[in-house]
Amino acid sequence: MKKVKLIFSLMLISFFTNCEVNNDEKEVEINKKDKITLFLADKNQSIQVTDLDEVKQILALKYGNDNPVVQKSLSKIEMLQKELEFTKNLDLNNNAVAEKYQTRLYNKFGQSDSEYKKSTNGILWDGIASGFLSVTTIPLNLSSSKINKASSWSAISPGLVTLCDYKWFKGEKFVVFSIIPGPTPVIPSYFDNRTDSFF
């Protein structure tokens with residue numbers, strides 16, 4: 001009888017410990033999901049923001065609402081916000097759902113006659129000498145050979161890219177804005193080699 005009580009007690013302790021660990025993991029996941037950093041490449045300045053609306057406000061305030069690069073970037077952030085809102089109710093861990101959604105994304109962003117044409121607006125670099133991925137307007141989860149290798153970003157045309165830790169529709173976001181094309185800005189050390197995807 002004592003043995004049964006001991007086993008039962010151990011099972012209860014294990015259960016509650018497991019619950020606490022799972023809760024801690026969920027809290028970490030929520031914190032990572034909510035964290036957004038805006039990096040202004042021309043100023044070499046990182047700004048912690050609470051949401052993507054704050055990114056839009058800062059860009060408009062610092063560079064002017066009438067600036068065409070800012071307008072294009074604000075439009076891109078709004079596209080990201082709409083897609084994030086749309087994905088809230090999708091189970092993108094389900095392969096069939098993910099595949100169907102990927103087709104929707106390609107139809108929306110990837111066709112030459114779509115509202116938002118596919119275009120390359122920058123290159124992700126492994127270090128500063130080895131460019132390994134052209135970034136397009138299509139949101140993309142990186143292939144396993146490229147995950148966590150980006151150390152810098154070079155804008156082909158002025159604008160913005162959102163780098164993401166984990167899949168682009170979840171996880172911490174690092175928004176890189178470049179008012180002018182040219183020299184490759186180095187990604188600050190806290191986000192170095194953490195990019196799994198981009199928008």
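Fair warning: this is a prediction, and the values are worked out from it, not measured in the lab.
The OH atom of Y63 sits 10.5 Å away from the CD1 atom of I58 when rounded to the nearest 0.5 Å. Atom CZ of F39 sits about 8.5 Å away from atom CD1 of I187, to the nearest 0.5 Å. Rounding to the nearest 0.5 Å gives a distance of 5.5 Å between CG of L163 and CG of L124. Taking CE from M79 and CG from L84, the interatomic distance works out to 12.0 Å, rounded to the nearest 0.5 Å.
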Dump the intermediate steps for side-chain contact (heavy atoms from CB on, under 4.5 Å) on D42 and S178, then the final yes or no.
-> CA-CA 6 Å; D42 63 307; S178 180; over 6 Å; no
side-chain hydrogen bond (donor to acceptor under 3.5 Å, both in side chains) between S46 and Y190: does it pass, once the steps are laid out?
-> CA-CA 11 Å; S46 297; Y190 59 85; 3.0 Å; yes
Does the side-chain contact (heavy atoms from CB on, under 4.5 Å) test come out yes or no for L52 and V175, once each step is laid out?
-> CA-CA 9 Å; L52 291 168; V175 182; 4.3 Å; yes
Candidate pair I36 and F174, rule side-chain contact (heavy atoms from CB on, under 4.5 Å), full reasoning | CA-CA 6 Å; I36 301 171; F174 184 77; over 6 Å; no
Apply side-chain contact (heavy atoms from CB on, under 4.5 Å) to the pair D196 and L142, showing each step before the final yes or no.
-> CA-CA 6 Å; D196 289 33; L142 304 188; 5.7 Å; no
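When atom types are taken as modelled, the side chain of K173 and the backbone of G171 share a donor-acceptor pair closer than 3.5 angstrom. No donor-acceptor distance shorter than 3.5 angstrom exists from the side chain of K76 to the backbone of K72, with no hydrogens or angles considered. Under the 3.5 Å distance criterion, the side-chain polar atoms of S197 are matched with a main-chain donor or acceptor of W168. Looking only at distances, a side-chain donor or acceptor of S152 sits under 3.5 Å from a matching main-chain atom of G127. Between the side chain of S73 and the main chain of V69, a donor-acceptor pair closer than 3.5 Å is present.
Residues E54 and Q48 approach most closely at OE2-O, 4.4 Å, considering heavy atoms. The shortest heavy-atom contact between S151 and D192 is OG-OD1, 2.5 Å. Closest heavy-atom contact between V49 and V55: CG2-CG2, 3.7 Å. Scanning both residues, A98 and L92, for their nearest heavy atoms gives CB-O, 3.6 Å. Closest approach of F169 and T87 over heavy atoms only: CB-OG1, 3.9 Å. Residues K62 and I47 come closest through the heavy atom pair CE-CD1, 4.0 Å.
The pair R104-E83 meets the salt-bridge criterion, since a charged nitrogen lies less than 4.0 angstrom from a carboxylate oxygen. A salt bridge does not link K82 to E85: none of the charged nitrogens lies less than 4.0 Å from a carboxylate oxygen. We find that R194 and D165 are joined by a salt bridge, their nearest charged nitrogen and carboxylate oxygen being less than 4.0 Å apart.
When each of V161, I77, L160 is paired with F177, the side chain to side chain contact (heavy atoms under 4.5 Å, CB included) condition holds for L160 and for no other.
Ring-plane geometry between F86 and Y101 is classed as parallel, the angle between the planes falling under 30 degrees on a 0 to 90 degree scale with a further cut at 60.
Atom CG of D66 has 12 or fewer neighbouring heavy atoms from other residues, nucleotides or ligands inside a 6.0 Å radius.
The side-chain heavy atoms of N141 and I147, taken from C-beta on, include no pair separated by under 4.5 Å.
I180 and I123 fall into different hydrophobic clusters, where Ile, Leu, Val, Met, Phe, Trp and Tyr residues are linked whenever their side-chain heavy atoms come under 4.5 Å apart, directly or through other members. Note on L40 and L74: same hydrophobic cluster, where clusters join Ile, Leu, Val, Met, Phe, Trp and Tyr whose side-chain heavy atoms are under 4.5 Å apart, directly or indirectly.
Between the side chains of Q81 and K56, at least one donor N or O lies within less than 3.5 Å of an accepting N or O.
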